[in-house]
Amino acid sequence: MTQTALPRFLAAALFAASLGSTLAQTVQDNGVVRVKSAYSVDDTLARLKADIATKGIRFFAEIDQSKLAQGAGIALHRSTLLEFGNPPLGTQFITARAEAGLDWPVRLLVTQDDKGDVWAVYTDFNWIAKRHGIANRGEQFKTASGVVASITGAVTGNTAD
């Protein structure tokens, strides 16, 4: 992360923390967070990637899972996986426990269900901490949670356009 991107990243984390429960999200027992998008799959992807870029977060990959399935002759609703992260933050979890590298970089799935609803789906950072038995990175997990909540907030329709 560049020095000019750091203030934007921290501002996003603070903003996200202030959002609290205003986001339309569901955290499931398995650590999966589902945020309903107010937009089409394509618009959702564009908004998420633009928000990631605006925050100065490194974007690693976009994997169109539905296209891969189609190539294998399998029908699959729209499903695209985004991978992104902030190495100075994410590697804090890996230094606490090497196996936490299974959950970094951050993965955000944009998927469409049978009803046509679009969802941004990711793994809850508190669940990741428990999964890997990491108890000494609370502030970092809180920051990561705030940032991903801010990013997914770009698709709920609750933000100013």
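Keep in mind that this is a model prediction, so the values were computed, not measured.
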Engineer: Would you say that I151 contacts I57 through its side chain, given a criterion of any heavy-atom pair below 4.5 Å between the two side chains?
Structural biologist: yes
Engineer: Between A96 and N136, what is the shortest heavy-atom contact and its length?
Structural biologist: CB-OD1, 3.9 Å
Engineer: Would you say CD of Q70 has more than 12 non-hydrogen atoms from neighbouring residues, nucleotides or ligands within 6.0 angstrom?
Structural biologist: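 Counting other residues, nucleotides and ligands, CD of Q70 stays at 12 neighbours or fewer.
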Engineer: Can you check side-chain hydrogen bond (donor to acceptor under 3.5 Å, both in side chains) on H77 and D113, steps first, answer last?
Structural biologist: CA-CA 7 Å; H77 289 293; D113 65 20; over 6 Å; no
Engineer: Backbone N or O of R78 within a donor-acceptor pair of the T111 side chain at under 3.5 Å?
Structural biologist: yes
Engineer: Between S150 and G146, is there a donor-acceptor pair closer than 3.5 Å when you use the side chain of the first and the backbone of the second?
Structural biologist: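 No, S150 side chain to G146 backbone: no donor-acceptor pair under 3.5 Å.
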Engineer: Just by distance, do the side chain of R137 and the backbone of A135 share a donor-acceptor pair under 3.5 Å?
Structural biologist: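 Checked: no pair found.
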Engineer: Evaluate the side-chain proximity of W127 to V32: yes if any heavy-atom separation is below 4.5 Å, no if none is.
Structural biologist: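 No, every pair of side-chain atoms sits at 4.5 Å or beyond.
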Engineer: Side chains of R131 and D103: does their closest heavy-atom pair fall under 4.5 Å?
Structural biologist: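 Yes, close enough: below the 4.5 Å cut-off.
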Engineer: Step by step, would you call V106 with W104 a side-chain contact (heavy atoms from CB on, under 4.5 Å)?
Structural biologist: CA-CA 5 Å; V106 177; W104 275 275; 3.9 Å; yes
Engineer: How far does NE2 of H132 sit from CZ of F93, to the nearest 0.5 angstrom?
Structural biologist: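 Between H132 NE2 and F93 CZ, I get 10.5 Å after rounding to 0.5 Å.
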Engineer: Check this for me: does any side-chain nitrogen of one of K55 and D51 sit under 4.0 Å from a carboxylate oxygen of the other?
Structural biologist: yes
Engineer: Atom OG1 in T80, atom CD1 in I63: separation rounded to 0.5 Å?
Structural biologist: 9.5 Å
Engineer: Please report the closest heavy-atom contact between V155 and A120, naming both atoms and the distance.
Structural biologist: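 The answer is CG2-CB, 4.5 Å.
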Engineer: Are the side chains of V35 and Y122 in touch, meaning some heavy atoms are under 4.5 Å apart?
Structural biologist: yes
Engineer: Go through it in stages, so that I can follow the logic: the residues are L48 and F84, the test is side-chain contact (heavy atoms from CB on, under 4.5 Å), and I'd like the CA-CA distance, side-chain angles, deciding distance and then a yes or no.
Structural biologist: CA-CA 11 Å; L48 292 169; F84 57 92; over 6 Å; no
Engineer: Please round to the nearest 0.5 Å and tell me the distance separating atom OG1 of T152 and atom CZ of R34.
Structural biologist: 13.0 Å
Engineer: May I have the step-by-step check of side-chain contact (heavy atoms from CB on, under 4.5 Å) for S40 and V118, ending in yes or no?
Structural biologist: CA-CA 7 Å; S40 69; V118 177; 5.5 Å; no
